[in-house]
Amino acid sequence: MKNYLNGLNRELKQLILLAQSIALEQGISAYLVGGFVRDLILKAKNLDLDIVVEGNGIKFAEEFSCRLGAKLIRHKRFATATLILRSGIKLDIASARKEFYPKPAALPQVIPGNLRDDSYRRDFSINAMAIGLSGKDAGRLIDYFHGQEDLRSKKIRILHSLSFIDDPTRILRAIRFEQRYNFKIEPDTLKNLKKAARLKMLEKTEPQRLRDELIPVLKEKTVLKQIKRLRELVGFAFINKRLLLSPKNRVLFKAAESQINWFKKTYPKRRGLDSWLIYFMALLDSLATRDIKSVCRRFAFRKGEAKRILNYKQSNRVIMGELHRSQVKPAKIFSLLEPLSYEAILLIKAKSKDKKINKYIADFFKIYNGMCISVSGDDLRKLGILPGPYYQGIFAKILQAKLNGKISTKEQELAFIKKIYRY
Ligand code: CTP
């Protein structure tokens, strides 16, 4: 155990020690499991601790949250609980369980089980290893399905032939892990994956579960590689039957990647980007608006996400057309871009081959975005202008003059008001 824990940061080590001591106090067997163990062996960073206990996982989680003073989110259906710590570490705690699939692609029914049952219900051998935290197994790597061997030979292997039929979202997961780690889906597993694809198992799966596995694909570092492999093995009919990855899409994907990198490097302190949303918009780019609306509805994206996707679709051509004209004034650039999300603006920048448009957008981020005026309603009152709806109009004119570089200081704003307002 010591060997595995060596590379971990102090907080993770302390959490693992706490888990050990709670397991000892409650007299139960607890294990580190899943992706955390996989990445521990691969020496890859992972801040999602996954713990399984043979016994009452919720009671174990309650004690954990009590000791840490952290909020606990309970998921009753599967007797699991999640703790999210201030440092960003996520802790999932579950009771060891056995799963049955009442029908293909449905959510499983669960009954209590032991570690072996719990390992057998998992997706791939590399995700089915455990490290004991207490009792006779303390510090021991438990590897029922040869996960270590598959890690060494870089293979993604399912544990039984019905794995993709039971849970078709594993198709997306197999591709994601294969591309992330530069592994290969092992031949039998690949045969089963293709069979599940032929049986259209993804199309038979609840769209929201697909969304929850598609977003991580789009969050991977190697996103274009991921999407290409997805296209090769299963296509995109599970998103929309008209969706293809055309050479144009691929170029847009690449350009989107450079724009995301440019933005992150140039503005490291601006609000975080939802890069996955930019890639998703790029993927959907060739679809008609009505198809995109239907994807958003089926996948039940959050309101803010669906709004950004549709805003981009509905406005990108108009905006590129407007910015393509010669001599676009800063106030115009501002009024066109300010209502859009950063994600949409960056994809427009990626899509446009016009250097002028690129420069306008770069100027927008550098100078105009978030620009505001210094005078307030109080200042207007002091100038003897009675409060009324035209206040907004005055503010807009000041902002316009400021954007166009005609004024900059508060004094100049006040002088500008006196000039434009007739008492
Ligand atoms: N799991 C599974 N089948 C799924 C989803 C998850 O068997 N459809 C199991 C796997 O053992 C996985 C664990 O649950 O390792 C945790 O799942 P998740 O957090 O989604 O993935 P990780 O393996 O931790 O991968 P990542 O590094 O992307 O978080």
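For the single chain, residues carry numbers from 1 onward in sequence order. Both counts, for ligands and for their atoms, begin at 1 and track the order of listing. Atom set for the values below is all heavy atoms of this structure, side chains included, hydrogens, waters and symmetry mates excluded.
Below 30°, between 30° and 60°, or above 60°: for F365 and Y342 the angle between ring planes is above 60°, a perpendicular geometry. Relative orientation of the H160 and Y120 rings is tilted, given thresholds of 30° and 60° on the angle between their planes.
In this structure, atom 25 (O) of ligand 1 is in close contact with the protein, since a protein heavy atom lies within 4.0 Å of it.
Between R74 and E62 a salt bridge is recorded (basic side-chain N to carboxylate O distance below 4.0 Å). Using a 4.0 Å cut-off between charged side-chain N and carboxylate O, E343 and R271 make a salt bridge. Residues R122 and D118 are paired through a salt bridge, judged by an N-O separation under 4.0 Å between the basic side chain and the carboxylate.
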side-chain hydrogen bond (donor to acceptor under 3.5 Å, both in side chains) between D39 and Y181: does it pass, once the steps are laid out? CA-CA 10 Å; D39 287 340; Y181 297 116; 2.6 Å; yes
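Proximity of R180 to ligand 1, defined as any heavy-atom pair under 4.0 Å, is confined to the side chain (atoms from C-beta onward). At a 4.0 Å heavy-atom cut-off, ligand 1 touches T169 through the side chain alone.
Inspection of the S258 and N261 side chains reveals no N or O donor paired with an N or O acceptor under 3.5 Å. The closest side-chain donor-acceptor pair between D285 and Y312 falls under 3.5 angstrom.
Judged by a 6.0 Å distance limit and a 45° cone about the ring axis, R157 is not positioned over the six-membered ring of F124.
Shown in contact with D50 at under 4.0 Å from a heavy atom are these atoms of ligand 1, numbered in order with element: 13 (C), 16 (C). Set against the non-hydrogen atoms of R176, the atoms of ligand 1 under 4.0 Å away are 28 (O). The atoms of ligand 1 that sit less than 4.0 Å from any heavy atom of G35 are 15 (O), 23 (O), 24 (O). Of all atoms in ligand 1, numbered sequentially from 1 with element shown, those under 4.0 Å from a heavy atom of G34 are 15 (O). For ligand 1, the atoms closer than 4.0 angstrom to any heavy atom of R38 are 22 (P), 23 (O), 25 (O), 26 (P), 27 (O). Short contacts between ligand 1 and D167, defined as distances under 4.0 Å to a heavy atom of the residue, involve ligand atoms 4 (C), 8 (N).
Scanning D123, L159, L47, D118 for the heavy atom closest to atom 2 (C) of ligand 1 points to D123. Ranked by closest heavy atom to atom 1 (N) of ligand 1, the top entry among R173, M129, R122 is R173.
Using a 4.0 angstrom heavy-atom cutoff, F177 counts as in contact with ligand 1.
Among all protein heavy atoms, the one lying closest to atom 29 (O) of ligand 1 is D48 OD2, 4.1 Å.
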